[in-house]
Amino acid sequence: MQTAIGAILGLLIAIVLILKKFNTAYSLILGAVIGGVAGGFALPQTIHYMMEGVKDVIPAIVRILTAGVLSGVLIKTGAASRIALTIAGVMGERKSLVALILSAFLLTAIGVFIDVAVLTVAPIALAVGKRMNYSKMKILIGMIAGGKCGNIISPNPNTIIAAENFQANLSSVMYVNLVPAIVGLIAATGLIYIFTDKGERITSLPEQEDVSGLPSFWRSIAGPAFTVFLLMLRPLAGITVDPLIALPAGGVLGIIVMSRFGMLTESLSYGLEKMSGVAILLIGTGTIAGIIKVSSLKDVILSGLQHLSIGETLVAPVSGALMSAVTASTTAGATLASASFAEVVMASGISAVWGAAMVNSGATVLDHLPHGSFFHVTAGSVEMSLRERLKLIGYESLIGIVLAIATVVCYLVVK
């Protein structure tokens with residue numbers, strides 16, 4: 001029990017530091033040290049468990065760094081903007097809200113960070129919102145909801161790390177969450193049309209991007225489509241192409257197809273910069289995950305779930321939701337939950353693929369809390385006041401809950 005108390009204390013200290021705007025990675029590392037020592041481990045033993053936790057996430061970190069090639073190419077070549085503009089143009093003004101949801105969904109689904117996807121779609125959303133007299137809250141909840149749905153089927157860091165910690169095939173984890181993602185899209189579409197349109201209106205627009213030099217839609221989508229094709233070779237043909245190869249291969253093909261050879265260096269630099277921040281965060285997350293993994297916290301949580309009459313099936317999504325609340329991050333939440341509870345989840349008879357999928361969808365439930373960067377980045381994307389941004393938290397959580405429940409239901413149907 002002492003080790004569980006120590007782990008909880010370490011998590012609480014990390015949360016307090018994060019809320020106080022301390023660096024998240026350092027907060028997690030300090031929390032791990034305090035949690036280990038307070039849990040009864042000697043300092044050298046604590047450091048050992050922390051290093052073991054980091055060692056567990058190293059393979060995922062390497063894959064995430066290579067994923068920066070595809071992400072960087074999509075953003076820097078204008079491919080992401082072209083995809084969003086095309087969807088908005090095809091859907092038209094009458095279905096403009098659906099277009100915003102689909103744009104954010106598709107961008108995250110093909111490997112763009114959810115916050116970057118929102119930033120990419122935001123100028124289009126603001127222009128549409130001003131013309132249709134929508135509130136900032138209405139257009140932002142649409143983009144966030146679409147992004148969350150795309151995030152559970154994307155080759156983004158959260159999916160990669162969940163698959164890695166469960167030792168599951170990435171493409172299979174992406175595939176089994178396809179139906180839940182569609183269910184989430186339907187729920188998001190219903191939500192945005194019944195969502196109150198009260199709130200701050202759009203009075204000014206950002207400087208519009210020059211779209212004349214953007215690549216065509218089909219050239220823009222070629223790179224991510226090739227990545228998905230490579231990842232799907234295993235379930236379709238029994239040929240395994242590791243994400244370490246598939247993700248950068250899609251980026252390189254995109255550069256070739258779009259004839260943007262001169263932008264390769266810039267794209268690589270941008271992608272590496274974005275992924276480096278995630279990699280550093282995962283190192284901090286790995287340290288505290290190492291302490292949680294050897295503590296009795298898992299047993300305490302399992303006992304609590306049993307007292308609440310919650311079956312073992314819900315350990316994966318509930319742990320994902322809890323850890324996303326701790327870190328206010330999908331990636332860090334999926335990392336902590338999958339690293340700490342993978343063995344427990346699979347010991348209950350749940351397969352690695354479904355365990356990773358349920359952790360991943362669970363991590364979308366509370367990843368948007370104010371002590372994380374996503375909350376503030378999305379507010380800034382539409383110049384929204386923090387007071388109004390806080391009002392969206394419940395709706396965001398609702399979409400995450402729908403995704404988590406849909407994944408659990410799909411698992412129960414097919415098991």
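If you read the sequence from its start, that first residue is 1, and numbering goes on from there. Remember, predicted model here, so these are calculated numbers, not experimental data.
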Expected output: side-chain T227 to main-chain A246 donor-acceptor under 3.5 Å: yes
Over all atoms of both residues, closest heavy-atom pair of I291 and A32: CG1-O, 3.6 Å
CE-OH distance between M137 and Y395, expressed to the nearest 0.5 angstrom: 7.5 Å
Where M258 and S220 come nearest, the two heavy atoms and their spacing: SD-CA, 4.0 Å
Distance-only polar pair, side chains of T407 and N177, donor-acceptor under 3.5 Å: yes
Sub-4.5 Å side-chain heavy-atom contact between I144 and F374: yes
Nearest heavy-atom neighbours spanning S71 and V112: OG-CA, 4.5 Å
Side-chain donor-acceptor contact under 3.5 Å, H368 with S397: yes
Donor-acceptor under 3.5 Å (N156 side chain, N158 main chain): no
NZ-OG distance between K76 and S81, expressed to the nearest 0.5 angstrom: 10.5 Å
Within-4.5 Å side-chain heavy-atom neighbours: V69 and S267: no
N/O donor-acceptor pair under 3.5 Å between D242 side chain and I245 backbone: no
ring-ring contact (aromatic ring centres under 6.0 Å, His included) contacts touching residues 66-85 (sequence neighbours left out): none
Test item: L140 and V118 side chains (from C-beta on) under 4.5 Å apart, heavy atoms: yes
Rounded distance [0.5 Å steps], CG in L102 versus CD1 in I87: 6.0 Å
Minimum-distance pair of heavy atoms, taken over all atoms of S324 and G362: OG-O, 4.2 Å
Atom CZ of F217: over 12 foreign heavy atoms under 6.0 Å: yes
Flag for S295-T3: side-chain donor and acceptor within less than 3.5 Å: no
Check against side-chain contact (heavy atoms from CB on, under 4.5 Å), V252 and V73: CA-CA 8 Å; V252 171; V73 167; over 6 Å; no
Contact summary for T335 and N165, nearest pair of heavy atoms: O-ND2, 3.6 Å
Derivation and outcome, side-chain contact (heavy atoms from CB on, under 4.5 Å), residues I283 and V57: CA-CA 7 Å; I283 290 172; V57 301; 5.6 Å; no
side-chain contact (heavy atoms from CB on, under 4.5 Å) between L170 and M174, intermediate numbers included: CA-CA 6 Å; L170 175 62; M174 293 162 58; 3.8 Å; yes
Contact summary for A84 and I124, nearest pair of heavy atoms: CB-CD1, 3.7 Å
More than 12 heavy atoms of other groups within 6.0 Å of Q45 CD: yes
Spatial distance of atom CG (L392) from atom CD1 (I399) [nearest 0.5 Å]: 11.5 Å
Main-chain N/O of M232 paired to S171 side chain as donor or acceptor, under 3.5 Å: no
Heavy atoms of other groups near Y411 OH, more than 12 under 6.0 Å: yes
Pair listing, ring-ring contact (aromatic ring centres under 6.0 Å, His included) test, anchored in residues 271-299, at least two apart: none
Residues E164 and R63 bridged, charged N to O under 4.0 Å: yes
F375 and L369: CA distance, side-chain angles, deciding distance, side-chain contact (heavy atoms from CB on, under 4.5 Å) verdict: CA-CA 6 Å; F375 175 92; L369 295 181; over 6 Å; no
K21 atom NZ, neighbour heavy-atom count above 12 within 6.0 Å: yes
Any side-chain donor near an acceptor of the partner, N360 and T159, under 3.5 Å: yes
Heavy-atom neighbours of F22 CZ exceed 12 at 6.0 Å: no
Donor-acceptor contact below 3.5 Å, side chain K148 vs main chain G400: no
Electrostatic pair K55:E52 at N-O distance under 4.0 angstrom: yes
Straight-line distance of L119 CG to M143 CE, nearest 0.5 Å: 8.5 Å
Nearest-0.5 Å distance, CG of residue L281 to OG of residue S373: 8.5 Å
Test item: T24 and L28 side chains (from C-beta on) under 4.5 Å apart, heavy atoms: yes
Residue pair I110 / V228, side-chain heavy-atom distance below 4.5 Å: no
Beyond-backbone contact of L231 with P243, side-chain heavy atoms, under 4.5 angstrom: yes
Any side-chain heavy-atom pair of S351 and F166 under 4.5 Å: no
Identified salt bridge (charged side-chain N to carboxylate O under 4.0 Å, His left out) partner of E200 from the options K391, K136, R389, K130: K136
Backbone of G284 reached by a side-chain donor or acceptor of T287 within 3.5 Å: yes
Side-chain touch M384/T378, heavy atoms, less than 4.5 angstrom: no
